[in-house]
Amino acid sequence: MFRFVAIYFVFLYLAVSKTTAECNPQNITDTDNAGCGRWLPRFHPKNFHPLAHNNDANAPFLFNGVYHLFMQATFPGIPYWNQASGLGHIASKDLVHWRPMPPVLVPGRWGGPAGTVGQMAGNATGGYYSGSATIVNGQPRIVIPAVFGVAPSGSVSPCGSWITMNSSCFMTYTMTVPSNLSDPWLTNWTEPVVIVDGRVDGVQPHGPGFDDVTHAWYDNITDSWLFAGQTTVCYTPACNNAAAGDKPEYLQLWKSKQGSNWTAGFESLGDFFPTIPIQDYIANVPNFWRIPAIGDKEAIDILWFGSGVYWLGNITRNHTSPELKPGDITFQPITPQLSFGPGAVESHAFWEPNSQRLIWFGFVGGAPPREPGVPIWDGALTVARRVDVVFEPTTPTSTPILTVQPVEELALLRSKLLYSNQDVMPNITTSDGGIFWLPSPAMGNIVDIEVNFTSSTIQNIFPFFNRLGVHALANIATKNKTVNPKTSLAFGKGAHGPRVSIDNTQHIATWPSAGALYSSGCNQVALLANSSQSFWVQVDSLGNPEGFVDVGWCNRKVDTSGASWTGPAPQWIGYQGTGVAWLYRRGGLFKESSLFTKNPSQGIAYGKSYSVGDNITAIRHNSTLLEFLVNNVSQGTVITNNSLPEDVIGCVSVCYGATIASSNSQPPQTSDFGVPFIISRNTGGNLDFNGVSLGDVTQTWNKNGFSMRILVDRSIIEGFAQQGRATFTTMAFKEGNNNIGIEFNSNTTTTTT
């Protein structure tokens, strides 16, 4: 009755050259990681100079046939870098193959005091935040906030607590331009010049949130350029009293004083988005673009923020006089708050006139397991995405939304068709939860999947299913074996905390769930009876769904009672001092034994989380190399900061209560359905794509079927449903027999003859 039409799997291919000793993404092949590790994406944009931290997408533009993309980044190894965030740069001729470029702004490169408008910006001690690009009179210009001053110890903001900016801590808007316009790659950029001085310009007093900016656009009535920037206005110390004039989030509009001569400065025109409630105002990484009139479609404006929320609307102005007053130009939304979809945030875009499309890049967070010889890195950007305005025929007024899909150029990466089947329904059974695992040719870390769900016998497909979709980077499902923990490896009879009980077999340890967090019974340890290179445990129960379970290796001198700590709460085993414990937490964090001041982030990101019924294997390869597996799937290896002692032994620590079974036999195989991209019914009966609304089920676009496209690029997976009406993006660090599963769960029983 139901058919899957055109399921395509294609290898994605990049041209390669000989490898080098350092990470160079252009040298990666299917068999050689070129020093970049097995997790580094092949075709997703990222700062590679050097390979390190990467977050917000910044300032994309097209100039003389070359696409340029920038991002907030860090620069270990550059001698003058002062540890603050700066601006990385990559370039491409096709939006697919990206060329690493030297960084544009490295904090610490330029010295001198902070300048005022028209002067060199000076030494931006606090770094550079999110900027945008505009081409003015044939010259690309990047406007970016620069931070001056150092935050007090423990502060989460660049200038300390929410206080009025002063001479010791403030921000400016600065501008940098290419040093040589004849260089097609725009390799070198100038020292930034101040165009807005946060100490004197705009709405005062500023808090430390004088911040990210949109691109600039030309206003022909006033012959000036406008842009909007995130601002925090604080009249009270807490900056949360609206009656006193506090505005924790405020999108301030700026107008150039002398046309295209931006070094003459800008003046403030007040709040650009005054109609949004303060509680909904998330003004970081603002973006504003006008989609021009195309065919019978009227021009429309888009305003969005770093969290991924957006509005469609129009700029309004109170009059046409060149003399503007605060509030004369504002953005007025015509839609409710909408979303680009989870996983891709802190985005920027640009309008490409020749192809009549808005090209969008977002940031995807995540840190891979550490690998020997591979630089520590995290974060990347999405592929180039095309954003279009669509008017859904749900009401007489036709409410517009945005659709987001990969740009057409991504087809350049397709090497060959791996798998195609016009009808996989006969292969789907309920024995594996309604999932059909595609044959081995349709597997791999780099694939492009297109799936269509259609019905040839009915006019309307949506009444007949609960869930359908794709599972990417998934191990082929195998049946669970009966768990038998009563084998040779056991917990020590007396090697545990006083509130931990060990059963007669010594294979079952139980921690009580009673008591407040960090009170008696919390952080207590159970050690294994004998040393082993590897062991595994299974979580049989949890006293609290938020409880802590740590599995790993402990020095035999560890304080099993949980009463001796050297750092503040949360006081896990590793805080008993260096050389004590090396643990993998249930929430997916690995904690090397260290003092609190050495590891304030409470562990480095590592692997997936686990819960009741899951098996966790700990493997000690040597004195500094550990590996953890969840349900027999490796989460990668971890290099410890210090060598494990010779008498290190397996251990488990629990907070909030749990029952743990131990063994050293082969752990049972479990079904791992991978990263799901699922269209399903929500509580209201309408449709979601991984929790993102696809709209009313009565809309004409879903009556005869559903479509989705999934891009898998090693550790990054991007999903698009219904021609981009909903998206979902994630990083996933999985290894093993990666495969693709097709799921279909019907809510009716159908008999065919």
Residues Asn314 and Thr316: side-chain donor-acceptor under 3.5 angstrom: no
All side-chain contact (heavy atoms from CB on, under 4.5 Å) counterparts of Pro342, not counting sequence neighbours: Val692, Phe728
Partners passing ring-ring contact (aromatic ring centres under 6.0 Å, His included) against Phe48 (at least two apart in sequence or in another chain): none
Distance-only polar pair, side chains of Asn58 and Ser130, donor-acceptor under 3.5 Å: yes
Polar side chain donor-acceptor pair, Gln230 to Asn284, under 3.5 angstrom: no
Minimal non-hydrogen separation, Thr222 against Arg317, with atom names: CG2-NH2, 4.0 Å
Geometric class of the Tyr67/Phe350 ring pair [parallel <30°, tilted 30-60°, perpendicular >60°]: tilted
ring-ring contact (aromatic ring centres under 6.0 Å, His included) partners for His53, two or more places apart: none
Close side-chain approach of Leu87 to Ile144, heavy-atom, < 4.5 Å: yes
Partners meeting ring-ring contact (aromatic ring centres under 6.0 Å, His included) with Tyr310 (sequence neighbours left out): Phe340
Phe288 and Trp217 aromatic centres sub-6.0 Å: yes
Minimum heavy-atom distance between Ala216 and Trp262, given as atom pair plus value: CB-CH2, 3.6 Å
Whether Tyr129 side chain and Val147 backbone form a donor-acceptor pair below 3.5 Å: no
List the atom pairs, donor and acceptor, that lie under 3.5 Å between side-chain atoms in residues 101-116 and the rest of the protein, sequence neighbours left out.
unit_1, atom_1, unit_2, atom_2, d
Thr116, OG1, Asp197, OD2, 3.0

Cation over ring face, Arg99 and Trp185, 6.0 Å, 45°: yes
Polar contact flag, side-chain donor to acceptor under 3.5 angstrom, Arg141-Ser260: no
Tyr173 ring center within less than 6.0 Å of Phe266 ring center: no
Asp94-Ser92 side chain donor-acceptor pair, cut-off 3.5 Å: yes
Flag for Gln332-Thr330: side-chain donor and acceptor within less than 3.5 Å: yes
Exercise: do Ser347 and Trp360 side chains pair donor with acceptor under 3.5 Å: yes
Pairs satisfying salt bridge (charged side-chain N to carboxylate O under 4.0 Å, His left out), at least one member in residues 326-341, at least two apart: Lys325-Asp328
Heavy-atom closest contact (Phe63 atom, Ile135 atom, distance): CD1-CD1, 4.0 Å
Ser132-His348 side chain donor-acceptor pair, cut-off 3.5 Å: yes
